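All values derive from a computational prediction rather than experimental measurement. Note that ligands are numbered from 1 as they come in the structure, with each ligand's atoms numbered from 1 the same way. Along the sequence shown, residues are numbered consecutively beginning with 1.
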Amino acid sequence: MNIIEKDRQYLWHPYTQHKTAATPIAISRGKDALLWDEDGKEYIDAIGSWWVNPFGHSNTFVADAIYKQLTTLEHVLFGGFTHQPAVQVAEKLLPMLPSNQKKLFFSDNGSTAVEVAIKVALQYFHNKGEKRTTIISFEDAFHGDTFAAMAASGISLYTQAFEGMFIDVIRIPVPVLGNEQASFDALENAIQSKPCAAFIFEPLVQGAAGMVMYAPESLDQLIEICHRNNVLTIADEVMTGFGKTGKNFACNYLQQEPDMICLSKALTAGTIPMALTTFTQELFDAFYDDDINKALFHGHTFTANPTGCAAALASMKLLEQPEMQANISRVNSKHLAFQEKIKNHPRVVTTRVLGVIFAVQIKSETNESYYGTMRNKLYNFFIDKGVILRPVGNIVYILPPYIITDEQLLKVYATIEEAIEIV
Ligand SMILES: *Cc1c(COP(=O)(O)O)cnc(C)c1O
């Protein structure tokens, strides 16, 4: 059996209907923005392998840090123990975050980071003797695939089989241009109608919805409404974190400060699965008590895995290098130039750019579903041309490693232009 036959025999892939799905591509090697399959075909990874990879594949700086940690202390339980790498991550990260963030809780992936934030929000009020059980989120949000994260998400394909089994969630419209007041009003109404514990949002960019963007001023207003009503705010920066929006965090664009921040994806430069939920001192203090029942009884076996921490530390060091910041600006200006070039094309509905994120919505005759015909046609066209892009319906987005070369970017743009003509 070759690898594809063995894969078919043994493996179950994410978000995949195996009966109708195309054969997966077996990747054997990666370097910088490139991947190679078993037959030696080259691909440009124009989406950073699901938004995790800012500094390129097989990055030796991160790999060396991981190796050094693996041969010093690969893992120790975090219940009752601590270690330098965890403390160093905190010392490096906290100065980059909004100034009210004081405490870090480690977990394994974006969904668990969200799960922890929602549990903390609910228990925060429980510990204070107040019953608040409703969460507010955005329509079309995506916060992950565990139960509370799914509940807060709004994409039905991902959640429809579990309807009726979720915690209570009120969804409000996203304050995209022209829709701001409706969003503010819906938030005020939600807070009046139910005992709301927290509002969770993807700050400035909703990734899985197709890189839907909205202004920092609008988010500031929504957070301000929450603060005024003693509703906690959770910024899910799992996608936006670590430079994607042009600043280290999307929250760095805001005047207001969220109470909690969820981080994962690029945290470890796409090497080791790890996540963080960060908190204000006030949140931590609501669990700090002589009564053991007030503690946060949540944990994962690999919490604060030292090797993951070493990867995160190396990753943050790379991010802050002037050359890396220059790469982010370079990709952004290339995106803006490409946007100018194609925005008036008759088949282009809209384009959006923030930081290294670019999105174009292509005109289609039918109402495109998430995994509809146009999406599949586009996806296959890109793969054929050696460019990895995963359109969301009729929205094509680019979120490349920051170190992608100009030449590679130009190839990605040219391939998208070609696709616009033929689909
Ligand atoms: C990807 C993502 C998640 C889920 O992260 P996983 O690591 O896939 O569990 C949560 N929130 C946002 C905004 C994401 O983009």
Side-chain angles (χ1 to χ4, degrees), residues 12-16 47-54 105-121 135-155 157-159 162 166-167 169 171 174 198-214 219 233-245 248-251 253 258 260-278 298 300 302-303 305 308 311-312 315 352 354-357 359 370 390-392 395 397-400:
W12 194 338
H13 287 259
Y15 311 121
T16 300
I47 54 168
S49 283
W50 265 345
W51 322 338
V52 299
N53 195 316
F105 191 95
F106 286 92
S107 64
D108 307 335
N109 57 69
S111 305
T112 55
V114 167
E115 210 74 19
V116 168
I118 291 177
K119 283 177 73 173
V120 164
I135 301 294
I136 305 163
S137 70
F138 278 139
E139 288 165 1
D140 298 328
F142 179 73
H143 296 293
D145 291 339
T146 55
F147 255 80
M150 258 201 301
S153 299
I155 296 168
L157 186 67
Y158 291 55
T159 58
F162 311 100
F166 291 131
I167 55 166
V169 172
R171 295 192 183 84
V174 186
F199 168 42
I200 183 167
F201 50 85
E202 297 155 90
L204 310 193
V205 190
Q206 292 188 296
M211 303 297 157
V212 170
M213 297 180 188
Y214 60 96
L219 185 53
T233 49
I234 304 168
D236 178 355
E237 293 236 24
V238 169
M239 188 282 281
T240 49
F242 304 100
K244 311 260 181 58
T245 63
N248 285 341
F249 298 97
C251 287
Y253 285 92
M260 296 179 238
I261 300 177
C262 305
L263 302 168
S264 188
K265 293 210 165 109
L267 170 65
T268 58
T271 57
I272 292 179
M274 200 168 82
L276 279 168
T277 315
T278 70
H298 186 102
H300 297 281
F302 279 97
T303 294
N305 170 250
S315 175
R352 313 184 260 277
L354 185 67
V356 302
I357 306 168
Y370 210 76
R390 278 177 71 94
V392 177
I395 299 164
Y397 71 83
I398 313 170
L399 207 173

Distance-only donor-acceptor check, side chains Thr240 and Glu237, under 3.5 Å: yes
ring-ring contact (aromatic ring centres under 6.0 Å, His included) partners for Phe249, two or more places apart: Phe242
Audit row: Asp140, Val212, side-chain contact (heavy atoms from CB on, under 4.5 Å) steps and yes/no: CA-CA 9 Å; Asp140 298 328; Val212 170; over 6 Å; no
Aromatic contact, Tyr214 with Phe138 (centres under 6.0 Å): yes
Residues in contact with ligand 1, criterion: heavy atom under 4.0 Å: Trp51, Asn109, Gly110, Ser111, Phe142, His143, Gly144, Glu202, Asp236, Val238, Met239, Lys265
Geometric class of the His298/His300 ring pair [parallel <30°, tilted 30-60°, perpendicular >60°]: perpendicular
Ring centroid separation Trp50 to Tyr15 under 6.0 Å: yes
